[in-house]
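Scroll down for the structure; my scribbles are underneath it.
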Amino acid sequence: MRKDVRILLVGEPKVGKTSLIMSLVSEEFPDEVPLRAEEITIPADVTPERVPTHIVDYSEAEQSEEQLYQEISKANVICIVYSVNSKKSIEKVTSHWIPLINDRTDKDSRVPLILVGNKSDLVEHSSMETILPIMNQFQDIETCVECSAKNLKNISELFYYAQKAVLHPTGPLYCPEEKELKLSCIKALTRIFKITDLDNDGILNDNELNFFQRTCFNTPLAPQALEDVKNVVRRNMADGVKDNGLTLKGFLFLHTLFIQRGRHETTWTVLRRFGYDDDLELTQEYLFPIIKIPPDCTTELNHNAYLFLQSVFDKHDKDRDCALSPEEVKDLFKVFPYMPWGPDVNNTVCTNDKGWITYQGYLSQWTLTTYLDVQRSLEYLGYLGYSIVYEQESQAAAITVTRSKRIDLQKKQTQRSVFRCNVFGAAGSGKSGFLQAFLGRNLQRQKQIRETHKSYYAISTTYVYGQEKYLLLHEAIPDVDFLSEEELACDVVCLVYDVNDPRSFEYCAKVYKQYFIDSKTPCVVIAAKSDLHEVRQHYSLSPHDFCRKHKLHPPQSFTCNTTTVPTKDLYTRLTTMAMYPHARLRCMCSCNRCTYCLCQSLLKLELLRSVKAQLRRVVHNRHMAQADLKNSTFWLRASLGATVCAVLGFAMYRALLKQR
C-alpha cells in the first residue's frame, strides 16, 4: 500500500474548492475565503487508513497552466469540483477538465477521478441524474459525492473516498460494464485460493476458511458467521458451496459481492497480504526479501522449509505413489506465472521407472536451486506462499546461510548439508555417465535421454557416518585454458578419463597441474569405462604414477555399463572427502603405505593392547575378589569372562573400523 496520498482539487473558479479544504481543516465554514489554500498535510493517525494525506488546491488566478500540469503529474487522485447549481461548471467537467487530465497522464497509469458536487445547500434537487451518464462514459471516475462546504455535509466523506480511491482502487479489480472481476484479479484470487486450500481438494473447509481469515484479518470467524457466509453464496449460485465448503467459484463470487457493495478494501486487504501491489503483480519486496550472504558461504534450506516443501508434495501427490506425474507437477506450479522446471530437471534428480520425479528427487531439486541461485529459490517459495502458511516475515526465514568454508577448514568440521563436486574431463570421457549413474541410471537407461534434455547437474543424497548429506555433481565444460570461478569453487574435484582413449588422461593432468596442484580441495581421479579394454595413456606418466607422484588416491575404476543400478560407494567417498578434506578417511588402495593404512595399522595395534590390558584387569579383579576360591569353578569363570572381554574387544575394533 502507498506510503502517502496526494489529493488535488481542480474545477472552475468559484465552485468552492478552497472552501471545501478550509471547512475540513477548521470544521466550520470560513467567513473569508482566499483565492487558494496552502497545501495541507493530514497526519496518519487521524485518517481512517492510517496514511498521511496531502491536500492540494488549484487556483486559476494564482497559478499558471504549467504549474497545473506539474500538480496533475504528482497527484494520486484528482477531485473535479463543480457547483450543483451551475450547468456550465458541470459541462466543463467533460469538455475541459477530464480531457485535460487525460492528456497529461499516461494511458496505462491514469489517476482515479472523483466528481464533487459542491453547494448542495443551495438546491433541493440532486445532480446525480446528470452525472451518472458521465460516470458511465469515463472509466477513470471512481465515484461522485455531493457535499456542502457551508453545512459541512459529506466533507469528511469526500476526502475519505478520495483516499480510498488511491489505496483501494476499483479499476484493477472490477469491470463495471461487464459487472464481473477482471482477469488479472481472478488470476490473483485463484492463486490465493489454491494456497489456502491446504489439502488441495478444491474446497475451503471451515478450518481452511478460518486459516484464511486469521491470515488476512488477524481474527477467526465464529461458526455462525461461517454459516452465514456460505448461505449468502448458496442463495446466489448453485455450485458455490460443495460438501459444506467454499469452492473457487464461491470464493470469487464473495469478492465480487464485496466490490459491488463498495467494500473494495476487503479484497485489497486479502491481495496485499498475499504480496500483490496496486497493479496486481507480486511485489519485488515480497518475492525477493533481502538476505545477506558473506563471501565463501553457501545457502541451504532449513528444517521448516523442508517440512513446508514436504507438505506441498503431499498436497499434490494425489495417487500417493511418492512421485509427481506430469499432471501433478503442472498442478503444483499453477500458482506460478510460468513453469519453473524444464525437462532437464528429470535428468538432474532421481526419478521412478516412469521418469516421474520422486519425493527424494523433488527435495533434491529444491536443494539444488537454493544452493546455486538462492534468489530464485526465494521467488519460488514466495509463489507457493511459504511466509503466509508458516506465518513468517518473509521467505528468507526458510534459508540457512552456512558459515565460511575457511572456518570449517580451520575447525576441521562442518555443519553444512550440501557439498559440491565439480567433474572435469575431456569430451567423451564419461562425465555425463558418471553424473547419471549417481541418480541410479545404468548405460541402457542413459541412452534414452534426449540431447536437448541433458543436464549438467546431478544431485542426490548419500549417507556419511549415518548422516544424510546432499552431493551436487556439476559437469564442467572441457576447456582447460579457461575455467570460471564457479567451476573452480567446489568441495571436491573429480578428474575423469576414458581408459579406452589414449589421449583422455592428458586433459585431467593439465587441469590438475594448472588449477588444483596447490589447492586444498581434495581431488580424485576416475578411470571411467572400466568395462572396456584399458590402453596406455599418451602422457609422460601413467595415471597410477601421476597419482603417486602428487599424493593422490590411485585412479578409481568406474563403469555405468551394468545390468543393475550402479553402486553409490564411490559417491559416498566423494561426499566424505568433501566433508573432511584434511583426512584420508577412506582407504582406496590397501597399500599399507598411505596415511589411512598406516593409521589403521596403528589403530589395530592400539586396540589389541587395550584388549590385553582389559583382560589382565578382569583376571586381577576376579583374583582379588575371590582369592579364597581355589577350585576349578573359579578358573572356569575367569576364563569365560576373559573370553567375553576378548570377543567384546574384537567387536569394538570391527565396529570402529567399519565406522572409519
Side-chain angles (χ1 to χ4, degrees), residues 419-438 456-458 471-561 569-571 573-578 580-591 593-597:
F419 299 91
R420 176 168 178 155
C421 172
N422 284 350
V423 182
F424 297 90
S429 60
K431 301 186 297 297
S432 299
F434 184 71
L435 265 67
Q436 292 301 312
F438 183 39
Y456 290 94
Y457 291 94
L471 179 63
L472 165 61
L473 302 179
H474 171 54
E475 179 182 342
I477 299 174
D479 184 358
V480 72
D481 296 323
F482 176 77
L483 294 179
S484 65
E485 291 184 7
E486 180 187 7
E487 291 170 325
L488 296 176
C490 57
D491 302 299
V492 63
V493 171
C494 275
L495 302 170
V496 180
Y497 75 96
D498 180 359
V499 299
N500 193 241
D501 181 357
R503 300 186 180 277
S504 183
F505 181 72
E506 183 180 7
Y507 174 88
C508 297
K510 286 182 178 180
V511 168
Y512 178 79
K513 292 172 70 175
Q514 187 168 342
Y515 297 103
F516 298 107
I517 191 169
D518 296 322
S519 170
K520 295 181 180 179
T521 305
C523 296
V524 177
V525 177
I526 306 296
K529 306 180 184 180
S530 59
D531 57 301
L532 301 178
H533 174 65
E534 184 174 1
V535 299
R536 184 177 181 276
Q537 296 293 319
H538 293 176
Y539 188 70
S540 57
L541 294 173
S542 69
H544 282 78
D545 292 338
F546 181 88
C547 292
R548 186 179 297 110
K549 177 181 177 181
H550 295 286
K551 299 180 180 179
L552 300 175
H553 290 299
Q556 301 300 298
S557 298
F558 168 80
T559 180
C560 56
N561 189 12
D569 290 347
L570 180 55
Y571 304 101
R573 296 174 187 174
L574 292 173
T575 311
T576 307
M577 293 177 69
Y580 306 101
H582 288 295
R584 304 281 296 270
L585 297 174
R586 179 69 64 179
C587 183
M588 298 186 178
C589 56
S590 300
C591 62
R593 293 191 305 272
C594 72
T595 305
Y596 175 84
C597 290

Do [X] and [Y] come within less than 4.5 Å of each other through their side chains, counting heavy atoms only?
X      : Y      : result
Tyr515 : Phe424 : no
Phe516 : Leu488 : yes
Leu570 : Ile526 : yes
Cys508 : Val525 : no
Gln537 : Ser504 : yes
Leu435 : Glu475 : yes
Gln556 : Arg573 : yes

From [atom1] ([X]) to [atom2] ([Y]), nearest 0.5 Å:
X      : Y      : atom1 : atom2 : answer
Asp531 : Phe558 : CG    : CZ    : 10.0 Å
Ser519 : Tyr512 : OG    : OH    : 8.5 Å
Glu506 : Ser540 : CD    : OG    : 9.0 Å

Check your understanding: Got a donor-acceptor contact below 3.5 angstrom from the Lys431 side chain to the Val423 backbone?
Key -> no
Looking only at non-hydrogen atoms, find the nearest pair between [X] and [Y] and report the distance.
X      : Y      : value
Asp498 : Asn500 : OD1-N, 2.9 Å
Tyr497 : Pro555 : OH-CB, 4.0 Å
Ser429 : Ala528 : O-CB, 3.4 Å
Asp491 : Phe419 : OD2-CA, 3.3 Å
Arg420 : Tyr457 : NH2-OH, 4.2 Å
Cys523 : Met577 : O-CE, 4.2 Å

Exercise for review: Enumerate the residue pairs fulfilling ring-ring contact (aromatic ring centres under 6.0 Å, His included) with a member in residues 522-543, sequence neighbours excluded, ordered by first and then second residue.
Suggested key: Phe505-Tyr539
**Study point:** Residues in salt bridge (charged side-chain N to carboxylate O under 4.0 Å, His left out) contact with Asp569, at least two apart in sequence or another chain
**Key:**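 Applying salt bridge (charged side-chain N to carboxylate O under 4.0 Å, His left out) to Asp569 gives none.
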Practice item. Begin from the C-alpha positions of Tyr571 and Phe434 and carry the test ring pair (Phe, Tyr, Trp, His ring centres under 6.0 Å) through to its verdict. Key: CA-CA 10 Å; Tyr571 304 101; Phe434 184 71; 4.9 Å; yes
Review point. Going through the checks in order, is the side chain to side chain contact (heavy atoms under 4.5 Å, CB included) test met by Leu552 and Val524?
Key: CA-CA 7 Å; Leu552 300 175; Val524 177; over 6 Å; no
